[in-house]
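Below is one structure, written out as structure tokens; comments come after it.
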Amino acid sequence: MLLLLLGVLLFLLVATDITKTTLSTRGGGILTNLVSRLVWWGFFSAARRRGASRLLEYAGQAVLLSVLLTWIVMLWLSLFLVFASTPGSVVDDTTGVAADLWETFYYAGFTLSTLGVGDYAAGGDGWRVLTSAAAFCGLTFITAAITYIVPVLSAVSLQNQLSLFITSMGDTPQAIVVNSWNGEDVSSFYDNATDLRQMLVEHTLNHHAYPVIRCFHNSQAGKNLIPAIALIDETLRLLDRIAPQIPQDRLKRRMLGSALDNYVELHHSAYLRRRQPSMTAPSVRLDSLREAGIPVASPVPSADEAQRRDRLGALLEADGWEWRDVYGDDSAG
């Protein structure tokens, strides 16, 4: 009876996890999140917490395969426990002799995989019904698990596009502002702000639905999304330093800022809770903007700004990066 109860509970746990992970838009199930974090932590530790380590480029694939393997193994184990709870539930199809534990384990595996080898069979009508139901569940859940890979890889592709879109505007926040300056305003930046906001919102929604995409890592800072997010957020901070007489599209600025807020808050609440960065955010320097002829003001940084930069620092650190990966070797700007 104990084995039967354990098998049923384990099956319900795995079935719930697969359903929530593959069909819900609110993130992975308990097992999926646990496996993802453990595998990522293993790779991150082996890479000595360095975002530039090429080892981390394999973390995403390893996480996906580990999640799929966990689902298959636990479904297999749950069905085995149910059959093993009653002697004679599985018999040799030729001799009618009750199967031992290894043979029962083998029977549970080929039932879930729908192979239908036929050298062993269910030992009664009730077990035959259970076998049919298990085969149907195995086909359904394993198919759903495998097809889960497709939208995940699509979301990873968008993540890569977003990082390249941001870094193509400039290597540093100052470079982006200077590149956007046309002698009168920075309208070139706002020409791209709508597309940037749309991609960022879509990526944030993808991240809600498929948190595993966080584990897909590029070892080049210029192609990794986390430094790119810090890069564009710091750019908005510089735009706020431009003198008030220079016209800016406040609506686009607000909408892009809101999209960034949602992304940073998602990471803060899901991964960074109470985590404080060990590195100090660089001062906001405006020398290169002045040299380009951009009128600037120097407001006193607010407490909200300091808190936001702390969160960005924690986000960078949690992915193995530093502020110099945003500002270059001159991390002060």
Side-chain angles (χ1 to χ4, degrees), residues 27-28 32-67 152-153 155-168 170-173 175-176 200 203-204 206-207 210-235 237 260 263-282 307-333:
T32 299
N33 291 337
L34 178 60
V35 171
S36 299
R37 293 187 183 191
L38 287 176
V39 175
W40 168 256
W41 179 85
F43 272 85
F44 197 49
S45 298
R48 298 181 181 179
R49 299 178 176 272
R50 294 182 299 110
S53 172
R54 292 185 62 86
L55 179 63
L56 291 178
E57 294 190 351
Y58 301 97
Q61 297 94 315
V63 167
L64 263 186
L65 291 175
S66 297
V67 169
V152 168
L153 294 181
V156 171
S157 177
L158 176 63
Q159 174 177 273
N160 295 335
Q161 291 177 43
L162 179 56
S163 60
L164 290 174
F165 187 97
I166 293 173
T167 54
S168 68
D171 296 331
T172 66
I176 292 179
L200 183 55
H203 173 70
T204 302
N206 284 341
H207 208 297
Y210 314 111
V212 69
I213 64 176
R214 175 180 178 271
C215 301
F216 283 81
H217 183 98
N218 196 303
S219 61
Q220 299 180 48
K223 297 180 180 179
N224 192 285
L225 184 60
I226 299 301
I229 290 295
L231 173 63
I232 200 66
D233 200 84
E234 290 289 289
T235 300
R237 190 159 293 107
L260 283 166
Y263 181 83
V264 173
E265 181 58 32
L266 167 65
H267 275 267
H268 178 74
S269 60
Y271 309 111
L272 306 178
R273 303 168 185 157
R274 297 190 293 276
R275 178 170 182 165
Q276 294 297 321
S278 60
M279 53 187 178
T280 303
Q307 182 185 50
R308 175 54 166 259
R309 302 190 84 198
D310 281 344
R311 289 188 173 185
L312 288 173
L315 185 59
L316 286 167
E317 198 171 87
D319 206 50
W321 304 107
E322 301 177 0
W323 278 108
R324 67 180 179 181
D325 295 305
V326 178
Y327 280 102
D329 291 334
D330 182 8
S331 60

Distance col, row Leu200:CG vs Ile166:CD1, nearest 0.5 angstrom, shows 7.0 Å
dist His217:NE2 -> Leu55:CG (nearest 0.5 Å) comes out at 10.0 Å
Discussion item. Any heavy-atom pair between the side chains of Pro282 and Arg309 that's under 4.5 Å?
Written reply: yes
Next item on the list: Using atom types as modelled and distance alone, determine if a side-chain donor or acceptor of Asp319 lies under 3.5 Å from a backbone N or O of Trp321.
Entry: no
To the nearest 0.5 Å, atom CD of Gln61 lies from atom CG of Leu64 at 8.0 Å
Sorted by chain and residue number, the side chain to side chain contact (heavy atoms under 4.5 Å, CB included) partners of Ser163 (sequence neighbours excluded) come out as Leu225, Ala228
Does a side-chain heavy-atom distance below 4.5 Å link Lys223 with Thr167?
no
Closest non-hydrogen atoms of Gly51 and Leu56, given as atom of the first, atom of the second and distance, are CA-CD1, 4.0 Å
Residues passing the salt bridge (charged side-chain N to carboxylate O under 4.0 Å, His left out) test with Asp325, sequence neighbours excluded, are none
The side chain to side chain contact (heavy atoms under 4.5 Å, CB included) partners of Tyr58 (sequence neighbours excluded) come to Phe43
Pairwise side-chain contact, Phe216 with Val63, heavy-atom cut-off 4.5 Å (strictly under): no
Here the pair of heavy atoms bringing Leu312 nearest to Ala230 is CD2-CA, 4.2 Å
Taking Glu317's backbone N and O only, do any of them form a donor-acceptor pair with Arg49's side chain (distance below 3.5 Å, no angle check)? no
Residues at least two apart in sequence or cross-chain that pass ring-ring contact (aromatic ring centres under 6.0 Å, His included) with Tyr263, listed by chain then number, are His203, His267
To the nearest 0.5 Å, atom OG1 of Thr204 lies from atom CG of Leu162 at 8.5 Å
For Glu234 and Pro173 the tightest heavy-atom approach is CB-CG, 3.5 Å
(Q) Check this for me: Asn33, atom CG, are more than 12 non-hydrogen atoms of other residues, nucleotides or ligands nearer than 6.0 Å? (A) yes
One should read off an interatomic distance between Leu158 CG and His207 NE2, to the nearest 0.5 angstrom, of 12.0 Å
Residues passing the side-chain hydrogen bond (donor to acceptor under 3.5 Å, both in side chains) test with Glu57, sequence neighbours excluded, are Ser219
Separation between CG (Leu231) and CD1 (Ile226), nearest 0.5 Å, reads 12.5 Å
Contact between Arg237 and Asp233 at the side-chain level, heavy atoms closer than 4.5 Å - yes or no? yes
**Request:** Could you tell me whether the side chain of Ser45 and the main chain of Gly42 form a donor-acceptor pair under 3.5 Å?
**Result:** no
On a heavy-atom basis, the closest approach of Trp40 and Cys215 is CZ3-O, 3.8 Å
The side chain to side chain contact (heavy atoms under 4.5 Å, CB included) partners of Ala175 (sequence neighbours excluded) come to Thr172, Asn179
